[in-house]
Structure formats: C-alpha cells, structure tokens
Engineer: 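Could you have a look at this structure, given as structure tokens, before my questions?
Everything quoted here is computed from the prediction, not taken from an experiment.
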Amino acid sequence: MSVLSAPRFRRYLVGQAASLFGDSLVPLTIAFAALEVAGPGGLGLVLAANRLPVAVLVLVGGALGDRWSRRALMVGADVLRCAVQAASGVLLVTGHADLMTLVVLQGLSGVGTALFVPAASGLVPSLVDKDQVQEANALLGLVGNVNKVVAISVAGVLVAWVGPGVALLVDAATFALSALMLAGLRLPATVRSAARPGLWRDIRDGARLVVSMRWLTVLLVYGALLQALVIGPHMIAGPLLADGAYGGAAGWAVIGVAQACGSIAGGVVALRWRPRQPLAAACAVGMLMAPYLVVLALGGPLWMACVLAVLTGAQGSVCMAVQNAQVQQRVPEDARSRVAAWSQLGNLVALPASLALAGPLAAHLGGGPVLLAAAGWLVVSTLVVLASKVLALPAKTTAAAAAPSGASTAAG
C-alpha cells in the first residue's frame with residue numbers, strides 16, 4: 001500500500017510542499033531585500049540574524065517537541081513565520097523597511113525554524129504505518145528537492161518583476177497554508193511521561209540518549225564531520241574551480257542543476273529501496289560523491305562533472321531518506337525531536353566553521369588540493385565506519401521502544 005493512501009500523511013504533505021516552497025524562496029528573496037534596504041553591508045547581518053537563532057535554540061526546540069504536542073508546536077512556528085514574513089513584505093512594499101527591522105524580523109523567523117524542524121522529524125512516524133516511514137521520508141525529500149529547483153526560478157522572477165516585498169508575502173502565504181494543514185491533522189494519542197523534568201534536564205537527557213546508543217553517536221559524528229570536511233570545502237572550492245575551468249557562474253549553475261536533478265532521481269529510488277542493513281548501506285552509498293569531487297578538483301570535462309553531480313545529488317537523497325527513517329524507528333517516540341535537534345546542531349556548528357576555514361585554505365593551497373583532501377576523507381572515514389560494523393544493523397520496521405512506565409497519554 002502506498003504511503004499516499006494515508007489521509008493524515010497526504011494532508012501533511014500538502015502543507016509541507018507549500019512550506020518547503022516558501023523556505024526555498026527565502027534565501028534569494030531576503031538577500032535582495034537586504035540589498036535594497038541597506039546595501040552589501042547589511043546583507044550579512046540579515047542572513048546571520050535568520051540563521052543564528054536556529055543554532056542557538058534548536059536544542060530547546062527539540063526538548064519542547066518531545067515535551068509538548070508536536071503538531072501544536074509546528075502550527076505555532078508556522079504562524080510565527082507567516083506573521084514575520086508578512087510584516088517584512090508589507091514594510092518592503094510600503095517603503096518603511098529598515099535594516100534593524102529586517103534583522104529583528106528575520107531573527108524571529110529563525111526562532112520559528114528552530115521550533116519547527118525537530119518537531120517535524122518526530123511527527124512523521126505518527127502519520128504512517130511502521131513499514132512506510134522510509135517511503136514517507138523519501139517522498140518529503142523528493143518534494144523538497146523539486147521545490148528547490150522550481151522555487152529558485154520563481155524567486156528570481158518575483159524579485160525581478162514585483163520586488164522582494166511581494167515575494168515575502170508569497171512566502172507568508174505558504175506558511176499560512178502549512179499551518180492550516182497541520183491544524184486539521186487528527187493524530188493518534190501518543191505517550192508522554194507523567195512527570196517531566198525541567199527543560200534543561202530534557203536537553204541533557206537527549207544528549208545522554210545519543211551517547212548511550214553507539215550506532216547513533218557514530219552516525220551523528222560521522223555526519224557532522226562530513227559537513228565540516230566535505231560539504232563545506234565543496235561549497236568554497238567548487239565555485240573557485242568552476243571559475244577557472246567551466247566559464248564561471250554559468251558552468252557552476254549547470255553543475256548545480258545536474259545535482260538537483262540527481263536529488264530528485266535519488267528521492268524516487270529511496271521510495272522503494274529496502275537494503276538489509278539500511279544504515280551501513282546508506283553510508284556506503286555516500287561514497288558516490290567521491291568521483292565527482294576528484295573530477296572537479298582535477299578540472300575534468302564539464303559533461304563528466306555533470307554526470308557525476310547527478311550521482312552526488314542522488315546519493316544525498318537516498319542517504320537522507322534511509323537514515324532518517326531508521327533513526328525515527330529506532331529512537332523512542334518521546335525522544336525523537338531531541339535526537340533530531342542534536343543532529344541539526346552538529347550540522348549547524350560544523351558547516352559554518354568549515355566555511356570559515358576552507359576559504360583561507362583554498363586561497364592558499366588552491367581549490368584542487370582542498371577538494372582532493374575532501375574526497376580522501378570521505379572515502380577513508382566511510383570505510384572506517386563500515387569496517388567497524390557499528391552501523392551493520394538489520395532493517396528496523398517495528399515501533400521504537402515504549403515510553404517508561406507510569407506515562408500518561410497526550411495528543412500530538
């Protein structure tokens with residue numbers, strides 16, 4: 001039976017399709033809004049204001065997602081982001097926006113994201129049957145990747161034709177639709193502890209749970225190091241190399257489109273692929289990015305870089321869908337949001353630090369050596385993890401561990 005046969009998931013998917021489309025509009029739209037109001041000097045402040053609250057508050061969002069109704073928390077986050085982007089749009093359209101107002105409003109939008117993302121990860125297994133969790137994650141990833149391709153084009157048209165203010169109003173409307181879809185969800189009762197500790201204790205307990213599950217610790221550390229030592233260097237060295245080998249921005253854009261198409265194809269594969277040892281298989285698939293990095297580093301032909309970029313995009317979608325499904329099924333229901341938050345925090349810290357260091361390294365050594373080192377790390381680290389057998393766990397399709405005894409029932 002297809003995951004789309006689940007009414008709750010269909011409703012959720014519609015809301016998320018709208019919300020993810022709006023999310024994909026934001027980076028380009030906010031960038032041009034900041035340039036319109038404050039010029040290049042204000043651009044960094046506005047972008048940082050949007051991302052900093054996510055890094056600071058994501059653990060709080062994870063703890064709240066396990067403590068409260070995830071659905072209600074997500075509705076509240078969507079309402080907040082809708083109000084913020086609507087206010088930003090109105091101020092821009094009427095000519096009353098200034099730099100500090102945009103900084104404050106985008107900071108509030110970041111708060112909404114910090115609350116929404118961990119709760120969403122914990123909610124998905126409540127919407128479908130136990131054996132459909134991977135398919136649900138794959139379909140959500142597929143919708144997100146299609147949205148990215150479409151939304152970037154739409155954002156460019158909106159900003160060029162009607163300005164960033166109207167584009168932000170469109171973004172606000174997508175959050176409103178997401179909130180409406182979520183508010184109408186009728187979820188089965190879930191188990192919540194009758195006597196919850198303080199919020200900080202919840203956060204610490206989430207960290208203890210991650211450490212207590214060796215496979216989860218390895219997976220999260222491995223993922224964070226890939227962000228720091230592979231993804232970050234690629235984001236810096238890739239454009240630098242494309243500028244010399246592929247004609248600059250146009251060539252880099254072609255590679256980006258190829259990778260996006262690969263992401264969509266990978267999402268389709270993840271809908272049906274069921275490996276015996278999902279975590280180890282997903283980890284092994286990640287090595288498909290290595291040939292792309294090597295060809296890019298050596299300045300190989302553009303067509304070859306594009307073909308390998310398709311594989312790179314595909315492996316990313318497959319890995320994300322398979323790993324998310326297994327984590328959601330193996331982690332107890334009342335800890336899913338906190339585990340998702342710790343995963344998000346690792347990426348949020350690792351990637352910015354990597355970007356700060358990769359730039360000077362690429363300037364000093366050149367983009368080629370930096371990407372070759374990234375490819376080497378990807379292969380060696382993956383082989384070490386696979387050889388350790390920590391992730392060689394059989395597929396998990398049954399419910400995660402039940403909550404502790406003495407628990408009470410709460411909706412959402």
Side-chain angles (χ1 to χ4, degrees), residues 3 6 9 12 62 65-66 70 117-142 144-145 190 206-227 263 266-289 314-347 381-382 384-403:
V3 69
F9 182 75
Y12 179 76
D66 288 334
R70 293 184 179 116
V117 173
S121 181
L123 183 69
V124 170
S126 304
L127 306 175
V128 296
D129 292 338
K130 297 162 191 171
D131 60 350
Q132 294 178 321
V133 175
Q134 180 179 318
E135 187 180 349
N137 279 283
L139 195 54
L140 287 167
L142 181 60
N145 286 320
T190 54
R208 290 193 182 104
L209 177 65
V210 169
V211 173
S212 71
M213 303 172 79
R214 190 178 172 214
W215 66 268
L216 184 57
T217 304
V218 169
L219 188 66
L220 296 189
V221 172
Y222 172 75
L225 289 176
L226 282 184
Q227 291 287 324
S263 298
V268 174
V269 171
L271 288 172
R272 293 288 176 248
W273 189 46
R274 296 292 185 275
R276 287 187 175 183
Q277 297 178 346
L279 291 172
C283 186
V285 166
M287 287 195 291
L288 287 175
M289 187 178 184
Q315 64 82 24
S317 291
V318 170
C319 290
M320 188 68 68
V322 173
Q323 290 179 0
N324 283 350
Q326 289 299 304
V327 171
Q328 288 165 356
Q329 291 170 324
R330 292 176 183 279
V331 171
E333 192 278 335
D334 64 352
R336 288 175 187 152
S337 292
R338 280 172 289 171
V339 168
W342 279 104
S343 176
Q344 287 288 319
L345 181 65
N347 295 338
S381 63
T382 302
V384 168
V385 169
L386 293 175
S388 72
K389 304 292 186 183
V390 174
L391 300 184
L393 304 174
K396 180 76 170 180
T397 57
T398 56

Engineer: How would you list, by chain and number, every residue that makes a side-chain hydrogen bond (donor to acceptor under 3.5 Å, both in side chains) with Ser263, sequence neighbours excluded?
Structural biologist: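 So Ser263 forms no side-chain hydrogen bond (donor to acceptor under 3.5 Å, both in side chains) with any residue.
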
Engineer: Would you name the heavy atoms of Gly286 and Gln315 that are closest together and state the gap between them?
Structural biologist: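 In this case the closest contact between Gly286 and Gln315 is CA-OE1, 3.3 Å.
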
Engineer: Please report the shortest heavy-atom distance between Ala138 and Gly267, naming the atom on each side.
Structural biologist: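 Looks like CB-O, 3.9 Å.
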
Engineer: Going from CG on Leu393 to CZ on Arg330, what distance comes out if it is rounded to the nearest 0.5 angstrom?
Structural biologist: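 Answer rounded to 0.5 Å: 4.5 Å.
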
Engineer: Please name all residues satisfying side chain to side chain contact (heavy atoms under 4.5 Å, CB included) with Ala284, sequence neighbours left out, ordered by chain then number.
Structural biologist: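 So Ala284 forms a side chain to side chain contact (heavy atoms under 4.5 Å, CB included) with Leu386.
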
Engineer: State which residues pass salt bridge (charged side-chain N to carboxylate O under 4.0 Å, His left out) with Arg272; sequence neighbours excluded, sorted by chain then number.
Structural biologist: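 For Arg272 the salt bridge (charged side-chain N to carboxylate O under 4.0 Å, His left out) partners, ignoring immediate neighbours, are Glu135.
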
Engineer: Taking the side chain as every heavy atom from C-beta outward, state whether Leu391 and Tyr222 have any pair of such atoms under 4.5 Å apart.
Structural biologist: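 No, every pair of side-chain atoms sits at 4.5 Å or beyond.
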
Engineer: Please list, chain by chain and in numerical order, all residues satisfying side chain to side chain contact (heavy atoms under 4.5 Å, CB included) with Ala282, sequence neighbours excluded.
Structural biologist: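 If we apply the side chain to side chain contact (heavy atoms under 4.5 Å, CB included) test to Ala282, skipping adjacent residues, the hits are Cys319, Val322, Gln323.
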
Engineer: Taking all non-hydrogen atoms of both residues, which atom of Gly266 and which atom of Ser317 are closest, and how far apart?
Structural biologist: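 So the two residues come closest at C-CB, 3.7 Å.
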
Engineer: Would you be so kind as to tabulate the donor-acceptor pairs closer than 3.5 Å made by side chains of residues 207-218, with sequence neighbours excluded?
Structural biologist:
unit_1, atom_1, unit_2, atom_2, d
Arg208, NH1, Asp205, OD1, 3.0
Ser212, OG, Arg208, O, 3.4
Ser212, OG, Leu209, O, 2.7
Thr217, OG1, Val210, O, 2.5
Thr217, OG1, Met213, O, 3.3

Engineer: Return the minimal non-hydrogen interatomic distance between Leu226 and Ser381, and the atom names on each side.
Structural biologist: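 Smallest interatomic distance, heavy atoms only, reads CD2-OG, 4.4 Å.
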
Engineer: Using the test side chain to side chain contact (heavy atoms under 4.5 Å, CB included), find all partners of Val268 that sit at least two apart in sequence or belong to another chain.
Structural biologist: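 Applying side chain to side chain contact (heavy atoms under 4.5 Å, CB included) to Val268 gives Leu142.
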
Engineer: Mark yes or no for whether Ser388, through its side chain, and Val385, through its backbone, hold a donor-acceptor pair below 3.5 Å.
Structural biologist: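 Checking the backbone N and O of Val385 against the side chain of Ser388, a donor-acceptor pair under 3.5 Å is found.
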
Engineer: Which atom names give the shortest non-hydrogen contact between Ala392 and Gln277, and what distance separates them?
Structural biologist: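 Smallest heavy-atom distance, with atoms named: CB-OE1, 3.6 Å.
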
